[in-house]
Amino acid sequence: PDDELKPVSCSGKNVFGPRGYALTLIDACDTLAVIGDTAAFEAAVSRILAEVSFDVDVNVSVFETNIRALGGLLAAHFLAEALIPWYTDQLIPLAKDLADSLLP
């Protein structure tokens, strides 16, 4: 998934490197749980774990990355603990990796 969506043109773009961070997926993941779509939430968590990596050397907006990526990962973690039987804190190392990369 792209980092940013362009609703008028029905397209998107990656702003954090060529592969992007899948910010839209991470940012919307907790919404899936809140609206009760547990199957889609579980699929989103699985996709994040399988496809997302922050091992890219790009300049990012620290504010945008904190609220959308780090916040989204932590919210998804807390919801996954309650909603996904197989989930055992797999989003935490990803969140820590991201947080560490934002430090000066």
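Count residues from 1 along the sequence. For clarity, every value in this text was computed on a predicted model and none was experimentally measured.
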Chemist: Same cluster for Leu25 and Ile92 if Ile/Leu/Val/Met/Phe/Trp/Tyr side chains link at under 4.5 Å?
Modeler: yes
Chemist: Work out which heavy atom in Ala75 is nearest to a heavy atom in Asp30; give both atom names and the distance.
Modeler: CB-OD2, 3.8 Å
Chemist: Do you know which two heavy atoms are closest between Ala69 and Leu23, and how far apart they sit?
Modeler: CB-CD2, 3.5 Å
Chemist: Are Leu94 and Trp86 in one and the same hydrophobic cluster, where Ile, Leu, Val, Met, Phe, Trp and Tyr link if side-chain heavy atoms are under 4.5 Å apart?
Modeler: yes
Chemist: Between Phe54 and Leu70, does a side chain to side chain contact (heavy atoms under 4.5 Å, CB included) hold up when you go through it step by step?
Modeler: CA-CA 11 Å; Phe54 300 112; Leu70 190 56; over 6 Å; no
Chemist: Looking at CG of Leu91 and NZ of Lys96, how far apart are the two atoms once the value is rounded to the nearest 0.5 Å?
Modeler: 15.5 Å
Chemist: Which pair of non-hydrogen atoms, one from Ala76 and one from Phe41, has the smallest distance, and what is that distance?
Modeler: O-CZ, 3.5 Å
Chemist: Tell me whether Ser101 contacts the main-chain N or O of Leu98 through its side chain, where contact means a donor paired with an acceptor under 3.5 Å.
Modeler: yes
Chemist: Side chain to side chain contact (heavy atoms under 4.5 Å, CB included) for Leu73 and Ile48? Distances and angles first, verdict last.
Modeler: CA-CA 9 Å; Leu73 288 170; Ile48 290 168; 4.0 Å; yes
Chemist: Do Arg47 and Val52 touch side chain to side chain, with heavy atoms closer than 4.5 Å?
Modeler: no
Chemist: Looking at every heavy atom in both Glu81 and Asp89, which two are closest together, and how far apart are they?
Modeler: OE2-OD1, 3.4 Å
Chemist: OG1 of Thr31 to CG of Leu79: how many Å apart, nearest 0.5 Å?
Modeler: 9.5 Å
Chemist: Between Ile84 and Leu49, is there a shared hydrophobic cluster once you connect ILVMFWY residues whose side-chain heavy atoms come closer than 4.5 Å?
Modeler: yes
Chemist: Keeping Asn66 on the side-chain end and Val62 on the backbone end, is there a donor-acceptor pair under 3.5 Å?
Modeler: yes
Chemist: Compare every heavy atom of Ile26 with every heavy atom of Arg68, then report the nearest pair and how far apart it is.
Modeler: O-CG2, 3.7 Å
Chemist: I'd like to check His77 versus Tyr87 (side-chain heavy atoms, cut-off strictly below 4.5 Å). Are they in contact?
Modeler: yes
